[in-house]
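One structure is given here, and the rest of the page talks about it.
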2 protein chains.
Amino acid sequence: MTRTILSSASKEVIIGFDQPFVMIGERINPTGRKILAKEMKEGNFSRVEKDVLAQIAAGAQMLDVNAGIPLADEPKILADTIQLVQSITNVPLSIDSSIVAALEAGLSVYQGRALVNSVTGEEDRLEQVLPLVKKYGAAVVAISNDETGISEDPDVRYEVAKKIVERAQDYGIKPEDVVVDPLVMPVGAINDAGRQVMKLISRLRYELKVNTTCGASNFSFGIPNRNGMNASFISMAMSAGMTSAIVNPLHAEVVQSVRAADVVMGNDPDCGRWIKVYREPVAEAEGEQGGRRRSRRRRRA
Amino acid sequence: MTRTILSSASKEVIIGFDQPFVMIGERINPTGRKILAKEMKEGNFSRVEKDVLAQIAAGAQMLDVNAGIPLADEPKILADTIQLVQSITNVPLSIDSSIVAALEAGLSVYQGRALVNSVTGEEDRLEQVLPLVKKYGAAVVAISNDETGISEDPDVRYEVAKKIVERAQDYGIKPEDVVVDPLVMPVGAINDAGRQVMKLISRLRYELKVNTTCGASNFSFGIPNRNGMNASFISMAMSAGMTSAIVNPLHAEVVQSVRAADVVMGNDPDCGRWIKVYREPVAEAEGEQGGRRRSRRRRRA
């Protein structure tokens, strides 16, 4: 039973086949958010703080932290952001950058066991990122593309994922610490994207036996009612074997869909969480908005 | 590629692996609806008429018709209801009764190729219902229980389904004309109900290669936010291979989930239907409420 264990200084989260699905909040990311980018560059983290608390209140069990701001000192900003985030929450983090020096800066200040986001199957990335992952005892997201790009053939993407898992083992990283991103393509552009990715997720789980994650909302890029589509997509991906995803937890439809699919998959014993969140309008409102009140109630229960 | 073809005098609907999911509207059923029961018993079909039109406008491709009223002349009422329904719509019908004489009365007046709902694996039911299905050239819903009751073991339920398909063949009914109901159990009572039924649906599709249908809402019996749960459940069942379901199409969340899952499964080419229904608030309102306007628009497209 594959389990990827992530932690902060005081809290552990397990991504695993027999675990509730892990939602990794995607909001702390200046890409496409001009005001946030400007503030983070200036060392103003008030918006980051709000995003941290809102995402956790909405149900995120981990947070992704990205500081990709053009012409900025990304390693320093990423490290500063991580320290700030860890000072206000104990949920484990995913350290997200395409710059190796930024990943290292983030890892060097991180308290606990982080998820490094990400490595691809490209030779230079493997050689630079995997040693870092090993050095800091972290886990890593493996994206199933390589020098030849992103194949539309799920079997080719499977082989890339397999190669990364094998290369990670050469560096002393266990397969259970590689969380594969099968790459969700937009169905508006590729009509077969859904079936492709479901097949790949299923092979990754039952053949390669690894945990998986994805940017689920990419599926609905360019089509209307994206939350409605994302909600069904994520339930179906969970049915195929997906164990985590990078999502916007402020989208209530998507969060509800994850909770429901946990019930269907048998990962919400006696529907306990579902009933707590949805048993009455008041409880539902708390579940979506009032993280602190909810945890008080849980302690009493 | 398994296809079950149902029809009215002028319209064909195909339940099939490569087809959009077929929603069979469940509303024309007096069980638990006292006013409807009273009216149907008196020969007053105004409420039935409204239910027919509302369900079709909401997206149902077929309608289930049940006239199970205690101490009433069910065969006559079922036959009358079917004639009334066929006089106002051309969607194919599922003729729903536990009384064989009522099934026969319904079949004798039905125009087209009906879906008989249902036969179980019980010996006396097989012997009574299957000859009728053959005589009228209909298709049949096969419920996977027998004299021993409903097994919690999906493999036992699979064997019951297989037995019914074989017995149907003995009567000259093709496997593609047997639509298996795997029996959805309430997850509130059986924590493993979701995994059980997903496994069974998948075996029915990929091993027995038959179409499937179910009373999807039974899954959420006894727990809160039933529509939210049903929406995810039905997407996941479609992912596992389910090809139709008896649902309340007036529940917009469930219908949206079916449409989204059709996109994911590649059964909505170029997301055509999804985009038409959801591209703007006006289009969405039409999709949910205005069947006639929508079909005009479709003809123009």
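Order of the sequence lines fixes the chain letters, A, B, ..., with proteins taken first and strands second; residue numbering starts at 1 for each chain.
The residue among A/Ser257, A/Pro224, A/Ala261, A/Gly266 with the most heavy atom pairs within less than 4.5 Å of chain B is A/Pro224. Per-residue heavy-atom pair counts under 4.5 Å with chain A were compared for B/Cys271, B/Ser235, B/Ser220, B/Ala193, and the maximum is reached by B/Ser235. Each of A/Gly188, A/Ala240, A/Pro269, A/Ala231 has some count of heavy-atom pairs under 4.5 Å with chain B, and the biggest count is that of A/Pro269. In terms of non-hydrogen atom pairs under 4.5 Å with chain A, the most contact-rich of B/Val258, B/Val263, B/Asp192, B/Ile234 is B/Val263.
At least one side-chain heavy atom of B/Val52 sits under 4.5 Å from a side-chain heavy atom of B/Leu63. Inter-residue side-chain proximity for B/Lys209 and B/Pro175 is flagged as unmet; no heavy-atom pair is nearer than 4.5 Å. Using a 4.5 Å heavy-atom threshold, the side chains of A/Met236 and B/Met265 count as touching.
Note that CG of B/Asn230 is 9.5 Å distant from OG of B/Ser232, once rounded to the nearest 0.5 Å.
Counting only N and O atoms by type, the side chains of B/Thr31 and B/Asn29 include a donor and acceptor under 3.5 Å apart.
Interface remark: A/Met198 contributes side-chain atoms only to the contact with chain B (heavy atom separation under 4.5 Å). Proximity to chain B (any heavy atom under 4.5 Å) is shown, for A/Asn191, by both the backbone and the side chain. Looking at A/Glu253, the atoms closer than 4.5 Å to chain B (heavy atoms on both sides) all sit in the side chain, from C-beta outward.
By the neighbour-count criterion of 12 heavy atoms within 6.0 Å, atom CZ of A/Phe221 is sparsely surrounded, having that number or fewer from other residues, nucleotides or ligands.
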